[in-house]
Structure formats: structure tokens, C-alpha cells
Amino acid sequence: MKFMSNKLSLCLWFTGTLITASFLSLTGTLAHPITAIGSTIAAVTNDLYDVVVIGSEIQGVLLAKEAQAAGLKVLILDPRPKPGGELIQGQMFFLDDVHDNHRRSLVQGEIKNLFTKYKAGTIRKAPDFQRYYDHLIKDIPIQSGIVIDTLNTFTIDQDKSLKFMNYHLPNGSSYRIRSKYWVENTDFGALTGRLESRRIPGMETLYKKKQTEPDYMAATYMLNLQKVHWHSLQKAILSAYPLTNVYEKYGSNTYANSHFATGLGKIMRHYTPQDKQLMLRGLNITNQKDGEVTINGLLIYDVNPSDLRSVQSAIAKAQAEAPHILNFFRSHVPGFIHAELNDLPEYLYIRDYNRYETEYVLEYPDLMGNRMFWDNVSLGGYPVDIQGSRSIPWGIGYGKPDRYGLPLRSFELKSYDNVLVVGKNVGATIKAYGSARIMPTTALAAQTIGIILGRERDKLLCDLNEADFERIHKYLEKEYQITLR
């Protein structure tokens, strides 16, 4: 039945058929009619695309870039008013590296260029990241501030295809578009949240006490400071060695070199936020040079990224808290005695929200058992890091996997033959997600999927088999220096 549905879907795509009513399946039985999800019918323009990406997070941009380079017609539709997502608008400039247990880097593909320049210090400040992002998105059509009105799906047996989207822009202009593939690339499920898919249970599954309401890891508001004396911070931590003394004085995972510093959690525990929605945890600090630093450490609980008011309220509370945190840093953190606030972000780093079932949902034993899949599109190895929520304020860790694979099926929305998810939408249980969510892991997956979309045009992605992936993995390794086997 899967084969039948995909072939009919492919036929409808190539013939450009405008679906307006029920269809007969290949067996002659009456198929289910098209389903309209939404309320507002937009003006019909009927533009036709190969790939439409919803959201402008860097992962989806990498997918779109590869697909367009291969000659596919691509469009990015961003529900946010400005492009860039967590990296540009949220200014999440502390980049987490990914290694296996032998300290071999698992960062591959285009995102490796960003990490190489970041480590070298040539990309550290907001303008540096903006130039990098602009280079990626150059020549890719994008519309910002879009609002999805209706989605039209076509169903045969158990298989669904998303055929049409009606949306409008802030100026009121309305559009109807068709696409062969649709990609969820937002941090709030702008597309998948409207497709009546089943949510993957989240943080609430970790509690000893049964909780039925969904729960999420906290969001982060990045703090940017200037007039920091980095050498004093580094010297204070190094002078406290051996490591047992460092941890006794500053807390576990405290470390500093000339570029980055982490930890200081024991100091942060003495800070009391003005607002109970906020918490200051251990810090991840990037030295941006010239006395400027950016800090990942201010958590915000109960943020709903799909609700603009919730997001705006969280940002306002974080910005109001920033001067109090600055005063605390001046008194308690070496090198920060003369620090001042620098320009603050306009958006948040949303690390966790609703994710929906994919054809394969990655599980914790897959990670810890170093499982590889025949349809690998990425490799992971980051620690299983569950950041805090109200119920687990300081978060919890579940160990460090060596290296494991992420299959294409974990990026294919279940029961849909043409809806993909990338970035933080990866199909994974909450423990597996604690590792798989990291940017270089999901960025590699998105780029790989973009390459495959461009080169495997004779089949739908859901029809690719093990023999196909033997061939795919070979050309990924030979032509793109991406090793997934």
C-alpha cells in the first residue's frame, strides 16, 4: 500500500494535477478526499516548487542551499519577522562541538566551516555570524513574517501527502503554493503542529511523579557583555588547579582557555532572580575578543514559542533581569568587575518544544549502543544533556554516547510521504533528544537530506532502500567528504 500511494502521489506531482475532489486509487476503490486544515482560503497563485522550507533556522537553510544547487526550485517561508532563528536572532554564539569517545570530531559538512572559523576566532561576534548566514542564504528565495492559513492533504489508505499551502504576508498578500516536499524548520512546529500528528512525549516522562501535561526544557536568553578582562577570568580558574580544587571552588565542569570558559555553577547557585520564571545556571562563555563576551546561562521556564505574547514576555523579563545579573557578575566572577551590558538579542534560544512522530523515533538505547542505521544521514556523539525545567531546575545528564547514527526515517514525518522535519524537530525520545538536538548533528542531517533530494529524483525519499543508501553513502564520502558509514 505504501508503494501504491507513493506512485500515485508521484504521478500527480509530475502531471501537475490540481486536486479538487476525491480520486480513485490504482485499485479502482474510492480514495479519501483532500483535507483542508485551517480556516482561511487564500488567493490562488498555484506556484509550484520542489522544496518548501518553513522557517529560517540554519539547518533548513543548509537543506535548501543543497537542493537549489542541484537545480531544484526552492522557497523558504519564515513565520518569524526576521530570518536567522536561534543563531542570528537569538544570538546563540556558544557553539557546542561533537566528538566520539576517542575525541575524534563528528562535525562534518558545511557546518564544519563555521566551527573551524569559530574555534580560530574569525567568527565570534554578531556581524561575523551574520555574514556567514547571509552567504548561506544568498540567492535562496525567502519570505518573512508569513502566516499559514490552510494546508491541503491528500490521503490514500494510510498514506498522506501535503499538496497545497495557503498563506499570507503581513501586507495582506495571499498565496497558494504546491510543493513536492515540505520541510518543518521552525522552533515551534509551525507546519507539523497543524498536521494532526502525534506528539512525542517530552520532559514529563522523566518525572518520578506522574505528570500528564507536556513539559519542556527551558529556553535561554543570551547575555552579551563588554569590558570583561578575560585574562583575569582564565588566570583565576587555572590558579585553582588541581581539578579537584577547581570543582570545589567553582563547581563541576569549570574550565577556561583563551577562547572559552564553562562552569562556575557553584557561584551561580548564590544568585536569586528577580522573577521566578528565570534561573541562572552554570555558564558557557565565549570570548568574542576586545573585552566582549557572550554567555549561555540564563534559563527561562514555561516559554511557549508558538505564542508571540509568551515569547515577548520572556524576552522582556530577561532584559529586565540583565542589569541585576551584571551586578552579581561584577561582585562574584573574576574579570567582570568593570563589565557592562552590550547589545542584547531580540529573540530567544528555544531548545525544546513539541516534536512529532517520525517513521523511526530515535531512542536512548540506540545512542548508548552505538547503533548505526542503513539510512544514516548524520552521526551524533554529544552527551545526553537534559537542560532544566521547573521540575528539574538544574537539569540532568544520562551519560556520553560514543558515536551513533541518525536515520533519514527520523526526519520523515510519520504517515506523510512528503513532509520532512529538520533541526530541533528530529524524531527522538526525550533522552535521545538530549544528544541529537545539538546544532552540528542536525545541521549535517539537513545538508545530507538536501543533497539526496537533489540527486535522487527518480524516487520519493520514503522509497529509498538499503541498496540506494549504499550508493548514496559512497558519493557523500567521495564528493562531499561526509562519512556516515
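Atom set for the values below is all heavy atoms of this structure, side chains included, hydrogens, waters and symmetry mates excluded.
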Under the side-chain contact (heavy atoms from CB on, under 4.5 Å) test, residues paired with Ile146 that sit two or more places apart: Leu77, Gln143, Ile148, Tyr167, Leu169
Side chains of Asp96 and Tyr382: is there a donor and an acceptor less than 3.5 Å apart? yes
With the threshold set at 4.0 Å, does a side-chain nitrogen-carboxylate oxygen contact exist between Glu357 and Lys414? yes
Atom pair CD/OH of Gln89 and Tyr347 - distance to nearest 0.5 Å: 9.5 Å
Taking salt bridge (charged side-chain N to carboxylate O under 4.0 Å, His left out) as the test, write out the residues that go with Lys73, two or more places apart. none
With salt bridge (Lys or Arg N to Asp or Glu O under 4.0 Å) as the criterion, how do Glu479 and Arg455 come out once you've worked through the C-alpha distance, each side chain's angles and the decisive distance to 0.1 Å? CA-CA 12 Å; Glu479 301 178 37; Arg455 297 189 59 153; 2.7 Å; yes
Sequence-distant partners of Ala318, side-chain contact (heavy atoms from CB on, under 4.5 Å), two or more places apart: Tyr221, Leu298, Ile300
Determine which pairs satisfy salt bridge (charged side-chain N to carboxylate O under 4.0 Å, His left out) with at least one residue from residues 295-310, sequence neighbours left out, and list them in order. Asp302-Arg390, Asp307-Arg309
Test salt bridge (charged side-chain N to carboxylate O under 4.0 Å, His left out) applied to Arg281 - qualifying residues, sequence neighbours left out: none
Restricting to side-chain hydrogen bond (donor to acceptor under 3.5 Å, both in side chains), what partner residues turn up for Glu477, sequence neighbours left out? Arg485
Applying salt bridge (charged side-chain N to carboxylate O under 4.0 Å, His left out), name anything that partners Glu346, two or more places apart in sequence or on another chain. Lys82
Hey, could you give me each pair passing ring pair (Phe, Tyr, Trp, His ring centres under 6.0 Å) that has a residue in residues 422-450? Not counting sequence neighbours. none
With sequence neighbours excluded, what pairs up with Gln277 under the side-chain hydrogen bond (donor to acceptor under 3.5 Å, both in side chains) test? Lys317
Lys431 bridged to Glu363 by N-O distance under 4.0 Å: no
So, Gln447 versus Glu110: side-chain donor-acceptor pair below 3.5 Å or not? no
Could you pull out all residues at least two apart from Asn376 that satisfy side-chain contact (heavy atoms from CB on, under 4.5 Å)? Met372, Phe373, Leu379, His473, Leu484
Taking only residues two or more places apart in sequence, or in another chain, which ones meet Ser306 in a side-chain contact (heavy atoms from CB on, under 4.5 Å)? Phe188, Asn304, Tyr353
According to salt bridge (charged side-chain N to carboxylate O under 4.0 Å, His left out), who are the partners of Asp352, at least two apart in sequence or on a separate chain? none
